[in-house]
J.: 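This is the structure I have questions about; it appears just below.
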Amino acid sequence: MPKTAKTIFGTTENSNFILNMTPESYYAYNLKILLGFLILMPLFCIPLEFFKVYSVPGMALSIVGVFAIVFVFIGFMKSETPKKLILPACLFGAMLIWGLVSFYNSYNYSVSIFGEDGRNEGWLSILFYGGFFLLGAQLGTDDNRLKLIHGMLWLGFAECLWSLMQMLPLGFPSYYKNLEPILTFNVYLPSGLTGSPVSLGLMLSVLLIPALLEAVFTENPKQKILDIICVFCFALTAVRTQCLTGVMGTVLAVLISLICILIKKSGKKSAGILAVAVGAVLLGMLWNYFSPSINGMYTPSADGQVSVSDGIYFYDGSVMWKDSSYRLEASGYYIKNGAENPNGSFDATSLSELYHYLWSNTLKIVKSYPLAGSGPDNLVYPQLYQSLTIAANPNTFDRCGSYYLQTAGSMGIPMLLLFLALAVLTAVRGGIAVRKEDNWIHTGIFCTVLLYLLLMIISTGGITVTPLFWMLAGICISLYEPEKQSYV
């Protein structure tokens, strides 16, 4: 009798694709799921740009996240998951368990599970991030990894096209045309479909590294042209966000790429491409300087409208409260006079005062709830001081401008330590792999992950950007091939 394929519960061979799935087809499914997120998330963010339909972006995360978790289990069931992923998977499992401890001690159980409307970073998001991380670690080949990178570059390019319509005074719908927290109008900041200029700057600055490196090292002339276009668009748009993350991230991305290029001794053929990046940064800064007069920016006064003078401005504070208070209603509004605020007054237009206010008050929450935190996505609740209604408490915030402090304040110091352990493990393993093998794809992914972790000191990510990090972190940790008697 001819040999028949394996079956489950007497099902036919055609319906039993799991047991008969080859490693190559498993890797292909994983890639499709991750690429699916890159397509669905921006599409699902479009309604939120025109209407306050807060739940739609979270639906994209949930749909793709469920598929990711299912295929993670399929990998375990078929023994496709390599042993080198056991330790990272255990660390992520510990994060999920501690997230449940934090949930049990949270202010709002519903928010802890699903996240605040429009944020959607409750406990379930951690679960889905784990799925993206483990699928990213199981793509199998550099060809699949490169396809995922190309998907991210196309996503970044689409974000730039959407952002261009937001930056120009064309009347295109944008939440950041005006910045009501500081009463400044006709600003026209780009946010793309990420929800915030800060998130957009984060996404484009980290993706600038693989775009730059591929532009230098690819042998495909058509791909090189596309990469150079991405380099120009990413650098220009990230700088135009006029947020610290976008500007600093872009400068660091160019410097990191330059170091990688010099190490690989490819300086001559990269000079023109680096000049494109530097030129885009300078053009973006020039645009920022003259944008008040170009856009007709003004602030209201008793005598009418006062024009804003040309100059370089950073809008991190006003963007933050525009996003959380005016766009999502996830925090109270900002007032410069802090007489009503027990935490005192501060100027949101000053970066030093802004971050001091955010970080010092988050540290108070960490000291009050060092173990379990306030609960996943519950950071705003321990700040309420004059009403149980979030919006009625001026100067409260739901994002503190630092992922590390955000994690400690919302889910406790143990959760922060678990994340740092996983981040260090990823960086160490990725560094070992890059040092052993001369491959621009591996180097680009490793440097992108490092830049993201560095920028998390002054940013908090979000569901439109953070999944990209976990995908790349999974790839980074999978590059490592352990030697015998290795404990890394």
J.: Taking side chain to side chain contact (heavy atoms under 4.5 Å, CB included) as the definition, give me every residue that meets it alongside Leu170, ordered by chain and number, with sequence neighbours left out.
T.: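 Listed in chain order: Leu168.
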J.: NZ of Lys32: more than 12 outside heavy atoms within 6.0 angstrom?
T.: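 12 or below, so no.
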J.: Verify, without hydrogens or angle tests, whether Ser402 (side chain) and Ile457 (backbone) share a donor-acceptor contact under 3.5 angstrom.
T.: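 Yes, because the side chain of Ser402 sits within donor-acceptor range (under 3.5 Å) of the backbone of Ile457.
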J.: Under 3.5 Å, which donor-acceptor pairs link side chains of residues 151-163 to any protein atom two or more places apart or in another chain?
T.:
{"residue": "Glu159", "atom": "OE1", "partner": "Leu193", "partner atom": "N", "Å": "2.5"}
{"residue": "Ser163", "atom": "OG", "partner": "Glu159", "partner atom": "O", "Å": "2.7"}
{"residue": "Ser163", "atom": "OG", "partner": "Gly192", "partner atom": "N", "Å": "3.3"}

J.: So do the side chains of Lys147 and Leu31 get within less than 4.5 Å of each other, counting heavy atoms only?
T.: yes
J.: Between Leu179 and Ser318, what is the shortest heavy-atom contact and its length?
T.: CD1-OG, 3.5 Å
J.: Grab the two heavy atoms, one from Pro292 and one from Ser309, that are nearest each other, plus how far apart they are.
T.: CG-O, 3.6 Å
J.: How long is the span from the CZ atom in Phe172 to the CE atom in Met165, to the nearest 0.5 Å?
T.: 4.0 Å
J.: Between Asn220 and Thr218, does any side-chain donor sit less than 3.5 Å from a side-chain acceptor?
T.: no
J.: Who are the salt bridge (Lys or Arg N to Asp or Glu O under 4.0 Å) partners of Arg145, not counting sequence neighbours?
T.: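 Scan of Arg145 (salt bridge (Lys or Arg N to Asp or Glu O under 4.0 Å), adjacent residues dropped) gives Asp142.
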J.: How close do Val206 and Thr448 get, heavy atom to heavy atom, and via which atoms?
T.: O-CG2, 3.4 Å
J.: Any non-hydrogen side-chain atom of Glu121 less than 4.5 Å from a side-chain atom of Gln406?
T.: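 No, too far: nothing below the 4.5 Å cut-off.
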J.: For the NZ atom of Lys177 and the NZ atom of Lys322, what is their distance to the nearest 0.5 Å?
T.: 10.5 Å
J.: Using the side-chain hydrogen bond (donor to acceptor under 3.5 Å, both in side chains) rule, collect all pairs that involve residues 243-263, keeping only residues at least two apart or in two chains.
T.: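 Those involving residues 243-263 do not exist here.
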J.: Please find out if less than 6.0 Å separates the ring center of Tyr403 from that of Phe419.
T.: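 Close enough - the centres of the two rings lie under 6.0 Å apart.
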J.: Checking Gln242 against Tyr176: is there a side-chain donor and acceptor pair closer than 3.5 Å?
T.: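 Result is no, nothing qualifies.
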J.: Do the two ring centres, one from Tyr326 and one from Tyr175, sit under 6.0 Å apart?
T.: no
J.: Quick one about Ser331 and Ser324 (side-chain donor to acceptor, distance below 3.5 Å, no hydrogens or angles considered), yes or no?
T.: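 Judged by distance alone, the side chains do pair up.
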J.: Is it the case that the ring center of Phe133 lies less than 6.0 angstrom away from the ring center of Trp470?
T.: yes
J.: Provide the closest heavy-atom pair for Phe397 versus Leu379 in the form atom of the first, atom of the second, distance.
T.: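 Scanning both residues, the minimum pair turns out to be CE1-CD2, 4.1 Å.
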J.: We want to know whether Asp310 and Ser293 form a side-chain donor-acceptor pair, criterion being a heavy-atom distance below 3.5 angstrom.
T.: yes
J.: Go through Val308 and Phe185 one step at a time and tell me if the side chain to side chain contact (heavy atoms under 4.5 Å, CB included) criterion holds.
T.: CA-CA 9 Å; Val308 177; Phe185 300 88; over 6 Å; no
J.: What pair of heavy atoms forms the shortest contact from Cys447 to Cys260, and how long is it?
T.: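 Here Cys447 and Cys260 meet closest at SG-SG, 3.5 Å.
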J.: Looking at Val239, is its backbone amide N or carbonyl O close enough to the side chain of Asn288 to form a donor-acceptor pair, meaning the two atoms are under 3.5 Å apart?
T.: yes
J.: Scan for side-chain hydrogen bond (donor to acceptor under 3.5 Å, both in side chains) pairs involving residues 449-459, sequence neighbours excluded, and state none if there are none.
T.: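 Of all non-adjacent pairs touching residues 449-459, those that pass side-chain hydrogen bond (donor to acceptor under 3.5 Å, both in side chains) are Tyr452-Thr466.
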J.: Identify all side-chain donor-acceptor contacts of residues 59-66 below 3.5 Å with residues at least two apart in sequence or on another chain.
T.:
{"residue": "Ser62", "atom": "OG", "partner": "Gly58", "partner atom": "O", "Å": "2.9"}

J.: Quick check, are the ring centers of Tyr334 and Phe346 under 6.0 angstrom apart?
T.: yes
J.: Show your reasoning for whether side chain to side chain contact (heavy atoms under 4.5 Å, CB included) applies to Thr81 and Leu134.
T.: CA-CA 9 Å; Thr81 305; Leu134 292 175; 5.8 Å; no
J.: Would Gln138 and Glu80 count as having a side-chain donor-acceptor pair, cut-off 3.5 Å?
T.: no
